[in-house]
Amino acid sequence: MPYKSDTRPLTSIVSYPERGEGGDNRYRGNCSPRLIEDLLGFFRPGEICDYMCGSGTTKAAADKLGVGSHLYDLHSGFDIMNCEIPERPEFIFWHPPYWDIVTFSDVMYKASDVQKNYGYDPRQYDLSRIPDWESFVDKMNYAMMKQFSALEKGGRMAVLMGDIKKRGVLYSMLSEIVKPGSLENIIIKAQHNCFSDQIQYSGKFIPILHEYVMIVRKDSPLLVPIIMAKKAEVDIRDMPGATWRDVVAAVLEQCSEPVTLTFLYEKIEPHKKAQANKWWKEKIRQTLQINPTYFFHDGRGMWSLNRSAA
DNA sequence: CACGCATGAGGGATACGACC
DNA sequence: GGTCGTATCCCTCATGCGTG
């Protein structure tokens, strides 16, 4: 009786406290097969492909539901960055590494075995061995687009990924992963019994207890819309939406001592805010006057920021 | 629900006395 | 005389409210 969608309708939040049968729970970083069962139960693809199948969680889920599967991994001769994808998949499940949180090659399995059986050292192609975040994201996005390109029209990719907090910095895979096609769903998946549960955190950050399943669909084969993160910097003095109060406060904020009006003029004059207003000097003076809660008047022509103001 | 009207924030423009 | 401090007026836009 395949596709028993039983009492677990798929929703935008999922939680699998007991991991269920399948896969190897000693293989760190793998997920509950129940997630994949639920995805298969909902989308009902004829087959499922997994190009980073790891310990075989996808196979366990597919077998249980009687769905055909095509499974590959770096540990058994398939390198996503360089090998051709053999199928035109209808459904891809992808559980990429969480950067370098868990190293796979030569840790979860022996590099020498792969060298012996397939003739390459898996460590050189292993995404979990990329030390810097930028190149990791680049490679991830390449692998994402490569898999998406292989999809048949109407096909889907479900990507299970998590954000990472390292030394106070958030590295968000969900933000930075490229999103080709139609972004159909983002599912929050609760994490249970993960390694970080054991760590006593020193305080100032919110422990991450969830990951995401992003589902994208390929609607048109040739022209594919994509959403991708782009880092940029804007100057508040050139920004539509920033008020005069914002601009003046921002300039004063980087000064420890009271500054002259001339200084404020110099800092603001070259920017769009000033260039858009013929009376910009007057506006600056007026702004300082009408916001006594934010701006201190330290004698004629001298101003500073009231840092205690809310 | 469309409308007319009031209100208030933000911004532009101008004027003018005080001060250096 | 030029800069600074202050007041005033007008415009636009968003929001809220009562009325028909």
Side-chain angles (χ1 to χ4, degrees), chain A residues 9-14 133-134 137 141 161 163 165 168-190 203-206 208-217 219-220 223-310:
Chain A
L10 188 55
T11 63
S12 65
I13 303 183
V14 296
W133 173 254
E134 309 291 328
V137 169
N141 284 342
M161 63 195 145
D163 293 342
K165 199 92 185 236
V169 180
L170 180 73
Y171 297 90
S172 174
M173 203 62 238
L174 180 66
S175 298
E176 301 205 26
I177 191 87
V178 60
K179 297 153 190 87
S182 303
L183 181 54
E184 198 177 14
N185 286 290
I186 289 172
I187 297 171
I188 307 291
K189 176 181 172 293
K204 279 275 178 188
F205 87 84
I206 302 173
I208 297 172
L209 293 182
H210 71 283
E211 48 202 337
Y212 307 97
V213 186
M214 175 182 84
I215 297 165
V216 293
R217 192 182 62 231
D219 288 331
S220 56
L223 295 178
V224 176
I226 63 169
I227 301 170
M228 59 191 304
K230 181 184 165 192
K231 291 193 178 160
E233 242 181 3
V234 291
D235 192 306
I236 201 160
R237 292 165 292 190
D238 299 313
M239 239 170 58
T243 65
W244 278 101
R245 194 197 70 185
D246 299 333
V247 168
V248 172
V251 172
L252 287 177
E253 203 146 41
Q254 19 173 46
C255 306
S256 47
E257 302 285 306
V259 297
T260 61
L261 274 173
T262 313
F263 178 84
L264 285 169
Y265 295 160
E266 280 168 7
K267 288 290 176 192
I268 297 174
E269 183 176 16
H271 294 274
K272 287 190 182 139
K273 196 72 185 165
Q275 282 161 7
N277 185 351
K278 192 176 155 196
W279 313 102
W280 60 276
K281 286 188 180 177
E282 288 79 356
K283 194 41 128 180
I284 290 171
R285 300 202 305 273
Q286 184 193 50
T287 304
L288 292 161
Q289 299 295 332
I290 65 178
N291 293 291
T293 10
Y294 300 108
F295 304 124
F296 271 141
H297 198 182
D298 307 274
R300 187 177 165 83
M302 300 296 289
W303 294 88
S304 61
L305 188 69
N306 179 7
R307 279 160 209 281
S308 60

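Scope of the values below: all heavy atoms of this structure, side chains included, with no hydrogens, waters or symmetry mates. Lettering of chains follows the sequences in order, A, B, ..., and the numbering in each one begins at 1.
In this entry the distance linking CE of A:Met302 with C1' of C:dG5 reads 16 Å, nearest Å. When rounded to the nearest whole Å, the span between OH of A:Tyr294 and C1' of B:dG10 equals 14 Å. Rounded to whole angstrom, the span from the CG atom of A:Asp298 across to the C1' atom of C:dC4 amounts to 15 Å. Summarising the geometry, the separation between CZ on A:Arg300 and P on B:dC20 is reported as 6 Å, rounded to the nearest angstrom. Summarising the geometry, the separation between CZ on A:Arg245 and C1' on B:dG8 is reported as 15 Å, rounded to the nearest angstrom. Following rounding to the nearest Å, A:Trp303 (CH2) and C:dT3 (P) show an atom-to-atom distance of 18 Å. Rounded to an integer number of Å, the gap from CG of A:Leu264 to P of C:dG5 is 11 Å.
To the nearest 0.5 angstrom, A:Met302 atom CE is 9.0 Å from A:Leu261 atom CG. A:Ile236 CD1 to A:Met239 CE: the interatomic distance, rounded to the nearest 0.5 Å, is 4.5 Å.
Other residues, nucleotides and ligands place no more than 12 heavy atoms under 6.0 Å from the NZ atom of A:Lys272. In the displayed structure, A:Lys179 atom NZ is contacted under 6.0 Å by more than 12 heavy atoms of other residues, nucleotides or ligands. Taking a 6.0 Å sphere around CZ of A:Phe296, one finds it holds 12 or fewer heavy atoms contributed by other residues, nucleotides or ligands.
Non-hydrogen atoms lying under 4.0 Å from DNA chain C are contributed by A:Arg285, A:Gln286, all within residues 277-288 of chain A.
Nearest nucleotide to the A:Thr243 side chain, out of C:dC4, B:dG10, B:dG12: B:dG10.
In this structure, A:His210 has its ring center under 6.0 Å from that of A:Tyr212.
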